[in-house]
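For reference, the structure is listed below as structure tokens.
In listed order, ligands and their atoms are each counted from 1. Excluded from the calculations below are hydrogen atoms, water molecules and symmetry mates; all remaining heavy atoms, backbone and side chain alike, are included. Numbering of residues begins at 1 and proceeds along the displayed sequence.
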Amino acid sequence: MNRRDELKANLEEVEERIAKACESAGRPRAEVMLLAVTKTWPASDVEILYELGLRNFAENRDQEAGEKVGQLRHLEEARWHMVGRLQRNKARSVVEWAGQVDSVDSVRLAEALARAAHAKGRTLDVLLQVSIDGDVSRGGVAIADVGELAGVITRSGDLILRGAMTVAPLTMKPSQAFQALASVVSGLRDDHPTATQVSAGMSGDLEDAISHGSTCVRVGTALLGGRRLTSP
Ligand SMILES: *Cc1c(COP(=O)(O)O)cnc(C)c1O
């Protein structure tokens, strides 16, 4: 099978899983965005997925993403998310390619991104990355600190708080983590009406996430495959 046929078959399978999960949850399909996580896969794969209709893509390393997005400027409707841990000194670089940063987990990072967006004369959409089990060494802000960080983001004027994301910890049932994230976002919405996105669920647990209110599933392996090519 050529790569296009392979990606087309994978995409059909993922779309079917999402559609079924939405149906079981009694939710409209349009409520859930499919975010293709293309880290480690070449720009040519992104071109194929774009041709197949996808518009939202994610990367987890600034340098790899910057190079890839640079090769894909002709995909005018593509929108890129940063989903990986981000150091403050990469803030200027990330605003060059990302429309949204899904992994904001500290005040210092938020401030650096706000400055970088401001210097470019644009706003930047962000999600809080939440650590549901409080093990912040794996990235994410503890639930107790969500309110403070959200306040810094909103007050900056340069960042727009769109919601929150989590990676389900290995130490608890994913459904528990997804439920906790949904309740974090519903709490945020009271003070921050733009915070509507719940980014949860990956290749292995997207059904579970959709049944607990996810509005964005981040899918890598199920779309692109498990054996990663070397980065371009
Ligand atoms: C790689 C990655 C994904 C995709 O995971 P798969 O299991 O390959 O679907 C989702 N979210 C983040 C933050 C990732 O780094």
Within-cut-off N or O pair, Ala222 and ligand 1, under 3.5 Å: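 N/O-N/O distance below 3.5 Å does not exist for this pair.
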Within-cut-off N or O pair, Asn60 and ligand 1, under 3.5 Å: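 No, Asn60 has no N/O under 3.5 Å of an N/O on ligand 1.
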Which ligand 1 atoms are under 4.0 Å away from a heavy-atom of [X]?
{"X": "Val219", "result": "9 (O)"}
{"X": "Val83", "result": "13 (C)"}
{"X": "Thr221", "result": "6 (P), 7 (O), 8 (O), 9 (O)"}
{"X": "Met202", "result": "3 (C), 5 (O), 7 (O), 9 (O), 10 (C), 11 (N)"}

Shared hydrophobic cluster for Val146 and Val167 (ILVMFWY, side-chain gaps under 4.5 Å):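 No.
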Between [Y] and [X], is there a side-chain donor-acceptor contact under 3.5 Å, judged purely by atom types and distance?
{"X": "Glu111", "Y": "Ser156", "result": "no"}
{"X": "Asp158", "Y": "Thr123", "result": "no"}
{"X": "Ser199", "Y": "Arg218", "result": "yes"}

Cation over ring face, Arg79 and Phe57, 6.0 Å, 45°: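 Checked: cation-pi criterion not met.
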Side chain proximity check, Leu35 to Val219, heavy atoms < 4.5 angstrom: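 No, too far: nothing below the 4.5 Å cut-off.
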Pick from Arg61, His81, Arg218: the one approaching atom 11 (N) of ligand 1 most closely through a non-hydrogen atom: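 Looking at heavy atoms only, the winner is Arg218.
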